[in-house]
Each structure stands twice: as structure tokens, then as C-alpha cells.
Amino acid sequence: MDHEHKAKEVADCLLSYKRDESGWKVCKKSNDVTVSWRPSSEFPGNVYKGEGIVIGSPEKVWECLKPAPNGLRVKWDNNVKKFELLEQITEDISICRTVTPSAAMGIIAPRDFVDVILVKQYEDGTISSNATNVSHPGCPPQSGYVRGFNHPCGCICVPISGEPNKTQVFSFFQTDLGGFLPRSVVDSFFPSSMTEFYSNLAKSVKSLKDL
């Protein structure tokens, strides 16, 4: 499998989700974010889109979001318990394992995910993380964790013209949690966890010293 090719396809896929306004249904709104969903074309579930403005420069926001083993994400994102680098493929492409804690009052058991991740920068200053599931010989399924599968997902940080201290953040979650979860649990989990994601991201960015 060509991991580079797969990762680049994900970046194109996320841009198409961002551009295509059709079919999205708003399922949750807060001061920080609007969360929408539509049926996934990747698996029998939904793709969720979060869209919000975060107070902070794109550099600060990215510092909090970037997928790095010792990064800030593990500190503020309640859905990321551990983040491990399995293999660095190029400067911008890596294979990583993400461990998530139990959720929904214990109904959702701890999970792990193995993804190829591409960090991509665009000429207009936009920066994105783009991920999808892969298998890796160094990380077979492990006891104590349900192996889940991310379909094309990630975050896009977009500069706002004339507003250097604000960043538009798009997030896309498209996750097969694996196991035998009732659909209703999954459908209620993502909108609420994404709302929390934006709230915690905003607090994390605010707490950063000037970069």
C-alpha cells in the first residue's frame, strides 16, 4: 500500500467536504462551533463536520492541534489519551497510534486507532492534518482496546483575512468505533464530543503564551 498516495487522497477528500455545502444537517450548535452531519460514502455511518472561529492566530491554533507524540493535543483533548509515532514516512507523513479513553459513561470502551497522517500547508496559510486508517506490522490489535477505524478525517486551520488573531477551524470526524455499540450511542457521542473539542481547543489556545 502506498501510504503517501493514500494520505494525499485524504487531503483532497477533506477539501471536498469543506467546499461541498450540500446534504449537511446541523445537529448541534454552541458559541464555539456548528456541528453538522451527512451519511458517509466511506462506511455505513456518518461524517461529522465542525466549523467554528477560534480566537488566536493560525500558528497558535495549529500548535494545539498538530498531531505530535509530545504535543499539546494529549493535554487538552479529552478524546486523546495517548499518541504514539509508529513510523515517520516523509517529513510531512507519519503513521501513528491514537489511544482514546472510555467514553459515554463507560458505554464506549477504550479504543485505539492506527492512521497514516499527512500535515499539509497551503499557499494561503491554511494548514491541515489529514488522517485515515492503515494497518501496521508494529501495531496489531491489543488486548484492552477495541480497534477502531478512522475514515478520512482531520482538521483544517484557515487564516481569516484582516483578522490575524482569529482562525477558522474545520474538523471532520468519520469514525467506525468498532465493537458492538448501539447506533444511538454513536450518533449522540460525536456531536457532543465535537462541541467539547472546540471549547477545550479555545481554552488551550487562550492559555498559550504569544508565539
Side-chain angles (χ1 to χ4, degrees), residues 3-4 7-19 29-36 47-100 113 115-132 150 152-175 193-211:
H3 292 314
E4 282 190 58
K8 285 169 182 166
E9 278 188 344
V10 174
D12 292 340
C13 179
L14 293 196
L15 278 186
S16 74
Y17 290 161
K18 176 175 166 285
R19 289 180 183 137
K29 260 187 151 169
S30 73
N31 292 334
D32 299 301
V33 63
T34 299
V35 180
S36 319
V47 52
Y48 292 90
K49 172 174 74 170
E51 188 176 345
I53 304 291
V54 176
I55 305 298
S57 66
E59 292 78 15
K60 273 190 174 183
V61 174
W62 179 250
E63 188 62 29
C64 293
L65 279 175
K66 69 182 179 186
N70 298 309
L72 296 174
R73 182 82 175 256
V74 177
K75 295 184 175 74
W76 65 264
D77 188 340
N78 292 343
N79 288 314
V80 180
K81 190 173 184 182
K82 200 169 166 189
F83 192 78
E84 301 170 349
L85 177 66
L86 298 175
E87 185 181 342
Q88 193 74 43
I89 294 175
T90 68
E91 188 184 353
D92 301 322
I93 299 174
S94 58
I95 297 178
C96 296
R97 173 179 182 247
T98 306
V99 175
T100 63
F113 302 85
D115 299 293
V116 59
I117 303 175
L118 164 67
V119 171
K120 185 163 184 179
Q121 291 185 294
Y122 296 86
E123 286 180 6
D124 68 351
T126 294
I127 186 163
S128 65
S129 63
N130 309 270
T132 193
N150 285 319
C153 61
C155 297
I156 304 174
C157 298
V158 184
I160 298 174
S161 181
E163 299 264 18
N165 200 38
K166 286 184 181 174
T167 304
Q168 187 175 29
V169 178
F170 292 89
S171 61
F172 298 95
F173 290 87
Q174 190 168 204
T175 303
S193 75
M194 287 173 70
T195 306
E196 186 183 46
F197 172 91
Y198 274 81
S199 169
N200 289 342
L201 171 62
K203 288 176 195 158
S204 179
V205 172
K206 194 176 178 183
S207 72
L208 276 186
K209 300 284 180 267
D210 286 339
L211 290 174

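Side-chain atoms are counted along with the backbone in the values below, which use heavy atoms only and exclude waters and symmetry mates.
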[X] (side chain) donor-acceptor with [Y] (main chain) under 3.5 angstrom:
X	Y	answer
S16	C13	yes
Q174	P152	yes
W76	C64	yes
Q88	T90	yes
S30	D32	yes
Y17	F172	no
Y198	S171	yes

Over 12 non-hydrogen atoms of neighbours within 6.0 angstrom of CG in D124: yes
Please examine the side chains of K81 and T100, heavy atoms only from C-beta on, and report whether any two atoms are closer than 4.5 Å. no
Hey, what do you get for [atom1] ([X]) to [atom2] ([Y]), rounding to the nearest 0.5 Å?
X	Y	atom1	atom2	answer
K206	K60	NZ	NZ	11.0 Å
E51	I156	CD	CD1	10.5 Å
R73	S129	CZ	OG	6.5 Å
T126	Q168	OG1	CD	9.0 Å
W62	C155	CH2	SG	7.5 Å
D92	E4	CG	CD	9.5 Å

Minimum heavy-atom separation for [X] and [Y], please, with both atom names.
X	Y	answer
V61	G56	CG2-O, 3.9 Å
L85	P69	CB-CG, 3.7 Å
V33	G50	CG2-CA, 3.9 Å
K166	P58	O-CD, 4.3 Å
I117	C96	CD1-CB, 4.0 Å

Testing T167, V54, L72 one by one against V205 for a side chain to side chain contact (heavy atoms under 4.5 Å, CB included), which residue passes? V54
In a check of side-chain hydrogen bond (donor to acceptor under 3.5 Å, both in side chains) between D115 and each of N150, N130, T132, which one passes? N150
Suppose we call two aromatic rings close when their centres sit under 6.0 Å apart. Are F197 and F173 close by that rule? yes
